[in-house]
Amino acid sequence: MVVRSVDLRSDTVTRPTDAMREAMASAEVDDDILGYDPTARHLEEEMAKMMGKEAALFVPSGTMANLICVMVHCEVRGSEVILGDNSHIHVYENGGISTIGGVHPKTIKNEEDGTMDLEAIEAAIRDPKGSTFYPSTRLICLENTHANSGGRCLSAEYTDSVGEIAKRHGLKLHIDGARLFNASIALGVPVNRLVEAADSVSVCLSKGLGAPVGTVIVGSSGFIEKAKRLRKTLGGGMRQIGVLCAAALVALQENLPKLQFDHKKAKLLAEGLNQMKGIRINVAAVETNMIFMDMEDGSRLTAEKLRKCLTECGILVLPGNSPRIRMVVHHQITTSDVHYTLSCLQQAVQMIQEPSLN
Amino acid sequence: MVTPVIRTVDLRSDTVTKPTESMRSAMANAEVDDDVLGSDPTAVLLEREVAEIAGKEAAMFVPSGTMGNLISVLVHCDERGSEVILGDDSHIHIYENGGVSSLGGVHPRTVKNEEDGTMEISSIEAAMRSPKGDLHYPVTKLICLENTQANCGGKCLPIEYIDKVGELAKKHGLKLHIDGARIFNASVALGVPVKRIVQAADSVSICLSKGIGAPVGSVIVGSKSFITKARWLRKTLGGGMRQIGVLCAAALVALRDNVAKLDDDHKKAKILAEGLNRIERLRVNVAAVETNIIYVDLPKDPKFGAEDACKSLEVLGVLVIPQTTFRIRIVLHHQISDSDLEYALSCFEKLFSSVPEEKV
């Protein structure tokens, strides 16, 4: 019997708050294609200002945001983009930059901390002038926070270094900043400083900030103009989007300050889990709101068994065959939910490891 | 001197419709969930309802009609080297940034749109190609129709015609997609249920944000397997959104409250068309006004074309769109009142009743 539901699958599961619902209901709207939606414009102006860029554009999803950015930077046929082998764009966006955009990816190994080795990036840059077999590298992509590394933060210094490489070789730099605010809060560095070196950034509103839908792209005015046309072509041109943008404005106002508590809860959860026999978590690597849980060999614990136990307790994690279990904390997970999760897992771990006692 | 605008009558498109009070209330109270990790319950309700209305197995919400058509064409033409037959004046071909080609790698083969929005059946058949026939050819996979046909003036395709095109498609192993952005207008104008109109189609894209007035979105309908592929492609294009119940709730209200009102839009269009046609210097083919779109032909005065006319009308608060050099497009919707209609007509009269030299 499920007593309660604790959804740790992702920070995308956040539901609109009452304040957001009210804002959506009373939003000032207009046709954002024939002209512009006033609430969307307000959101876009605010985001551009926050990020220290000239302009911004609301899009339905982070996937579309990254797709647009890569395609606009790589609008010449025969382009190549350098990105992490464990980056969201490369792993979880259906290969769209190639299948839809015709852009070729050149992956570099993502280190444990989410970065790519600077020398490796430079060595990967290619030019047909160098060899007639080569495509033309136009873009480097970074991801901050880096999800598959466990929500790790890229520092402003590292980002600047990559920016320098890009400039030196006439390339652009795009940051997949889906969880950029998490990085900013965790590092104590303002977002505009973090992305100073970037030509474009995609920032999610529907993750930790908790808006129901959407992401914003920021960049130069010229870049955003091209992005807007491509958004239309992809089918992301929506009409009275003020409804969604109103919720996003509330999210920025109310939930941005709460991200630090998500990080604290994640740390609490990680420390508690790490103390359990057979479970191993690199607690020091839990920098933001994401935890990867590993099971020790010879402990009788497997991801499959633990997923089953979690489900029975009403705790949701992503299904699948991965030997690691990922947990993502968000503002609709309470400290009590964290303690509940710990006690459920404690029981499960004991039961699996010492079945004779039950 | 700038004339103070007393009111605004927005006749640019039926996309300008703003959410009603009941829509706003529905949006605020919508039950939602993550539609990518699982499914949003309100989206599921909407999709089920639209699938039933269209008489198809399944449906999927998408951010726009452009994405609805793009996905449909790309799923039907998922083989490299595909070709799609469509009207030379169709929305997909003219107003969707050529996305089927630039993004989807599909080649278009256009057939002339007749005045009534149809394409000659024999021309469609003649346009079909296969590499088996000639090594130079791509392979035709799909025929697209548009109902109502916008550029032809919101014309309704006859049901028998759609059925015939469907038979033709089947005979040659092709699929049939209907861009049904304004399918509800066709249904109300003809007095025929949507599901009968689109019976022959393998897929249809239906707009929620036009005449029926929802703030955002379209729905694609088709077989279960088609929609499964469509869902994956929607994600790839970046149309996978999270708590979309907010938008779907408004759409459900639109379906409940605003479909029947389309008849009023058609009546208003007729009244306005007749009134405009009575202005000596203007010409409107009133008989051709079947739904909510009107084309007004201006005198061919190079000093005062459609663009100039639209600017002058804007000063008076009437918003319309220049369709061609001497043609203006007007679109009616449920947020245009009878008094708005009279005002718009009076503005046209003001602008065009005077002789050229006396124009402001």
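Atoms considered below: every heavy atom in the structure, side chains included; atoms not considered: hydrogens, waters and symmetry mates. A, B, ... follow the sequence lines: proteins, then strands. Residue 1 opens every chain.
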**Report entry** Minimum heavy-atom distance A:Ala25-B:Ala28, with the two atoms named
**Finding:** CB-CB, 3.8 Å

Query raised in the report: Does any heavy atom of chain B fall under 4.5 Å from the side chain of A:Ile33, the backbone, both, or neither of them?
Result: neither

Query raised in the report: How long is the gap from CG on B:Asp10 to CG on A:Leu34, to the nearest 0.5 Å?
Result: 7.5 Å

Query raised in the report: Is there side-chain contact between B:Val36 and A:Thr12, with heavy atoms separated by less than 4.5 Å?
Result: no

Requested in this report: Side-chain contact test, heavy atoms from C-beta onward, threshold under 4.5 Å: evaluate it for B:Pro215 versus A:Val29 and give yes or no.
Outcome: no

Query raised in the report: So do the side chains of A:Arg239 and B:Leu208 get within less than 4.5 Å of each other, counting heavy atoms only?
Result: no

**Report entry** Reported CG-to-CG distance for the pair A:Leu234 and B:Leu103, which is rounded to 0.5 angstrom
**Finding:** 5.0 Å

Query raised in the report: What are the two closest non-hydrogen atoms of A:Ser61 and B:Gly238, and how far apart are they?
Result: OG-O, 2.6 Å

Report task. Side chain from CB out, backbone as N, CA, C, O: work out which of these in B:Asn29 comes under 4.5 Å of a heavy atom of chain A, or both, or neither. Result -> backbone

Requested in this report: Decide if atom CD of A:Glu22 counts as having more than 12 heavy atoms of other residues, nucleotides or ligands within a radius under 6.0 Å.
Outcome: no

Query - CD/A:Glu75: more than 12 non-hydrogen atoms of other groups inside 6.0 Å - result: yes

Report summary line: Closest non-hydrogen contact found for B:Thr66 with A:Thr233 is CG2-O, 3.9 Å

**Report entry** Contacting region of A:Thr215 [heavy-atom separation from chain B under 4.5 Å]
**Finding:** neither

Query raised in the report: For B:Ala250, is it the side chain, the backbone, both, or neither that has a heavy atom closer than 4.5 Å to a heavy atom of chain A?
Result: neither

Report summary line: Of the listed B:Met67, B:Arg24, B:Glu96, B:Met241, the one with the largest count of heavy-atom pairs under 4.5 Å with chain A is B:Arg24

Query - Ion pair check, B:Asp33 and A:Arg15, cut-off under 4.0 Å - result: yes

Requested in this report: Provide the closest heavy-atom pair for A:Pro16 versus B:Gln243 in the form atom of the first, atom of the second, distance.
Outcome: CD-CG, 4.3 Å

Query raised in the report: Which atoms of B:Val246 come close to chain A, meaning under 4.5 Å heavy atom to heavy atom: side chain ones, backbone ones, both, or neither?
Result: side chain

Report task. Select one option (side chain, backbone, both, neither) describing which atoms of B:Ile71 are under 4.5 Å from chain A's heavy atoms. Result -> neither

Report summary line: So CZ of B:Arg234 and CE of A:Met64: to nearest 0.5 Å the spacing works out to 11.0 Å

Query - Selection from B:Asp34, B:Thr15, B:Ile244, B:Val32 maximising heavy-atom pairs under 4.5 Å formed with chain A - result: B:Thr15

Query raised in the report: Crowded around A:Lys226 NZ? As in, over 12 foreign heavy atoms under 6.0 Å?
Result: no

**Report entry** Region of A:Ile68 that comes under 4.5 Å of a non-hydrogen atom in chain B
**Finding:** neither

Report task. Specify which of A:Arg9, A:Arg229, A:Glu93 makes the most heavy-atom pairs with chain B at under 4.5 Å. Result -> A:Arg9

Report task. Pick one of side chain, backbone, both or neither for A:Met20, based on which atoms fall under 4.5 Å of a heavy atom in chain B. Result -> neither

**Report entry** A:Lys232, NZ: over 12 other non-hydrogen atoms inside 6.0 angstrom
**Finding:** yes

Query raised in the report: Out of curiosity, A:Ile100 CD1 to B:Leu233 CG, how far, rounded to the nearest 0.5 Å?
Result: 5.5 Å

Query raised in the report: When rounded to the nearest 0.5 angstrom, what is the spacing between OG in B:Ser102 and CG in A:Leu230?
Result: 8.0 Å

Report summary line: Under 4.5 Å to a heavy atom of chain A? For B:Leu70 that would be side chain

**Report entry** Portion of B:Thr17 that has a non-hydrogen atom of chain A nearer than 4.5 angstrom
**Finding:** backbone

Requested in this report: Can you see which heavy atom on A:Arg21 is nearest to which on B:Met27, and at what distance?
Outcome: NH1-O, 3.9 Å

